[in-house]
Amino acid sequence: MGWIWRLCITNMKKRGIRTFLTILGVVIGVISIVSLISIGIGAKQLIMADYSGDTLRTIEVTSMEKSNRQDKMLTDEALAKIGEIDHVEVVYPVISVYGMMYAGRYEGFIDIVGVPRSYLETLTLAEGELPDDQGLTPQLVMGCAASDWFYESTTGMFLEELEEEKKPQFSGERVEVELDTPDGKVSKHRMLITGTTDNVYDYNIYCDINILKSFLKRVSENTIIGQPVNKDGENYKHWIYGKAYVLLDDAEYVEDVMQKINNKGFQTQSEKEYADSMNRILKIAQIVLAGIGMIALLVAVIGISNTMMTAVYDRLKEIGILKVLGCDPDELLNLFLLESGILGAIGGVLGVGISYLITFGINKIAVKLMKLDVGEQIAIIPWWLALAAIAFAIVLGVIAGYFPARWAAKMRPIEAVNKQ
């Protein structure tokens, strides 16, 4: 077997330029398929990272639109029944009030959501701290993206247009809040912003629901701010919640629980629906990207086949001499298969190595152009992809060289000499 290896290396060196171009074709093919698939994998991980933790097992429940039936409203009684459904871990009621907020020269429309203390404690803060659980006036926690809806009063420029490092931080500031009242009057109050969440897609402004309830009762005149009224223009006897967050013990049961809640007359939505839909889209995108890369790799395989066929024609005399000397047809077959496999292996290893460099550059550029956080990657080459690409290049190389090798192995010695 040793002489086969030595003969392979010698023959590849003799055809230096042709060998180089063949390997280059494989390198380009491997780079194409690995780089494109790595972008698909990185983009998927980057997007799906937003659907993590409790997000996928949380259902948002709201009342049917324009329904005046109390049994179709989200009351404490209705939420208690939802809490009895199998796999429901906890139900968080939510009260929403709308208005304007003024922070220095910035102002914006806001949606203050009152949530239970237990829900506030699940929030991860980028800065500041959670509100106090005592007091007459609600303290606020701003979602990381809530300030994007604010604009500068003098220029009208929205904060979302500013670079991240230039955006003002409201944590620790006392702001003026104007709440919308049922009679159209303005209810002005001073509130403290105690912290900011780290969720870049969080546009809510949170406070303790119990403090908000007491506060709304105290500052409202005829009807409670943010609460619906009956046909007589009066508030209902019970608190009506704008929505509720239902947390399950496992994301696997989201669809089943959503159906049961819908059967009770409420509307539901879940991030899991969007995550599953996005997953399907990303899988299709990965297949398309892999297909594009596969075309380049198949072109490289044709190059290997062409090189091996040319090598057979160029070495007909050598093949005839080897057969005269007693070389077995299987050994000749192995000789050419080994050579084509080596071409595929070298091209695969070099292609994967260069792909790592390319993805490194793509990630660097993406951080700047797409304003990603440092360390986030839009192109990722997992170890299995690198090994699969090399193995695939070798297998395709061997396949490409099989028919030329088989033809050489079956050739009779006298026929080989005469053709030369």
Side-chain angles (χ1 to χ4, degrees), residues 62-63 66-68 70 73-79 91-121 123 125 128-143 146-147 149-151 153 170-197 202-245:
T62 55
S63 300
K66 299 180 181 180
S67 174
N68 293 319
Q70 290 193 51
M73 295 181 180
L74 288 175
T75 61
D76 288 315
E77 182 181 358
L79 296 183
V91 180
Y92 299 110
V94 178
I95 291 178
S96 297
V97 289
Y98 304 94
M100 286 286 293
M101 180 182 289
Y102 301 89
R105 67 178 189 274
Y106 301 103
E107 58 188 68
F109 295 96
I110 59 167
D111 174 15
I112 296 177
V113 294
V115 293
R117 187 75 189 180
S118 55
Y119 185 87
L120 287 174
E121 292 173 352
L123 301 176
L125 301 183
E129 57 187 11
L130 292 177
D132 291 337
D133 56 1
Q134 303 291 330
L136 298 177
T137 302
Q139 294 182 348
L140 310 176
V141 173
M142 289 190 69
S147 63
W149 296 108
F150 282 61
Y151 56 90
S153 55
F170 299 130
S171 181
E173 290 191 20
R174 287 194 175 274
V175 296
E176 185 175 278
V177 176
E178 293 182 354
L179 299 179
D180 296 335
T181 62
D183 55 9
K185 296 181 180 179
V186 175
S187 181
K188 296 183 178 180
H189 310 277
R190 297 284 293 179
M191 297 183 182
L192 174 66
I193 298 175
T194 64
T196 306
T197 68
D202 191 351
Y203 290 89
N204 291 321
I205 298 178
Y206 304 92
C207 69
D208 188 296
I209 191 171
N210 292 326
I211 296 177
L212 181 61
K213 284 181 178 179
S214 300
F215 171 77
L216 292 177
K217 281 184 177 180
R218 189 176 71 253
V219 301
S220 299
E221 296 182 1
N222 299 319
T223 55
I224 299 175
I225 297 172
Q227 285 290 287
V229 294
N230 58 24
K231 60 182 179 180
D232 297 323
E234 300 174 346
N235 287 130
Y236 293 95
K237 295 181 180 180
H238 307 287
W239 281 97
I240 308 298
Y241 302 103
K243 59 185 174 182
Y245 298 129

Can you spot which of Ile240, Ile95, Asn235 makes a side chain to side chain contact (heavy atoms under 4.5 Å, CB included) with Ile224?
-> Asn235
Residue set satisfying side-chain hydrogen bond (donor to acceptor under 3.5 Å, both in side chains) with Thr197, at least two apart, ordered chain then number -> Asp202
Sort and list the pairs that fulfil salt bridge (charged side-chain N to carboxylate O under 4.0 Å, His left out) and have at least one residue in residues 94-105, not counting sequence neighbours.
-> Arg105-Glu152
Check: Gln139 main-chain N/O paired with Asp208 side-chain donor or acceptor under 3.5 Å | no
Quick one: list whatever passes salt bridge (charged side-chain N to carboxylate O under 4.0 Å, His left out) with Lys188, sequence neighbours left out.
-> Glu178
side-chain hydrogen bond (donor to acceptor under 3.5 Å, both in side chains) partners of Asp76, counting only residues at least two apart = Tyr241
Just jot down the ring pair (Phe, Tyr, Trp, His ring centres under 6.0 Å) partners of Tyr203, sequence neighbours excluded, or say none.
-> Trp149
Does Glu176 CD have over 12 foreign heavy atoms under 6.0 Å away?
-> yes
Just jot down the side-chain contact (heavy atoms from CB on, under 4.5 Å) partners of Asp180, sequence neighbours excluded, or say none.
-> Tyr98
All side-chain contact (heavy atoms from CB on, under 4.5 Å) counterparts of Tyr245, not counting sequence neighbours | Thr58, Glu60, Tyr92, Val94, Tyr119, Asn204, Lys243
With rounding to the nearest 0.5 Å, note down the distance linking CE in Met142 to OG1 in Thr194.
-> 11.0 Å
In Å, rounded to the nearest 0.5 Å, how long is the span from OG1 of Thr75 to CG of Leu79?
-> 6.5 Å
Taking the side chain as C-beta and beyond, is there a heavy-atom pair between Thr223 and Glu234 under 4.5 Å?
-> no
Residues at least two apart in sequence or cross-chain that pass salt bridge (charged side-chain N to carboxylate O under 4.0 Å, His left out) with Glu221, listed by chain then number, are Lys185
If you draw a 6.0 Å radius around CZ in Arg174, do more than 12 non-hydrogen atoms from other residues or ligands fall strictly inside?
-> no
Rounded to the nearest 0.5 angstrom, the OH-CE distance for Tyr106 and Met101 is 15.0 Å
Counterpart residues, side-chain contact (heavy atoms from CB on, under 4.5 Å), relative to Glu121 (two or more places apart) | Arg117, Leu130
Interatomic distance, SG@Cys207 vs NZ@Lys213, rounded to 0.5 Å, equals 11.5 Å
Mind checking ring pair (Phe, Tyr, Trp, His ring centres under 6.0 Å) for Phe150 and listing every partner two or more places apart, or none if nothing turns up?
-> Phe170
Quick one: list whatever passes side-chain hydrogen bond (donor to acceptor under 3.5 Å, both in side chains) with Glu107, sequence neighbours left out.
-> Tyr151
In chain order, what residues pass the side-chain contact (heavy atoms from CB on, under 4.5 Å) check against Ser171, with sequence neighbours excluded?
-> Glu127, Thr196
Going by heavy atoms in the side chains, are Val141 and Pro131 under 4.5 Å from each other?
-> yes
Could you state the interatomic distance from CG (Leu136) to CD1 (Ile211), rounded to the nearest 0.5 Å?
-> 9.0 Å
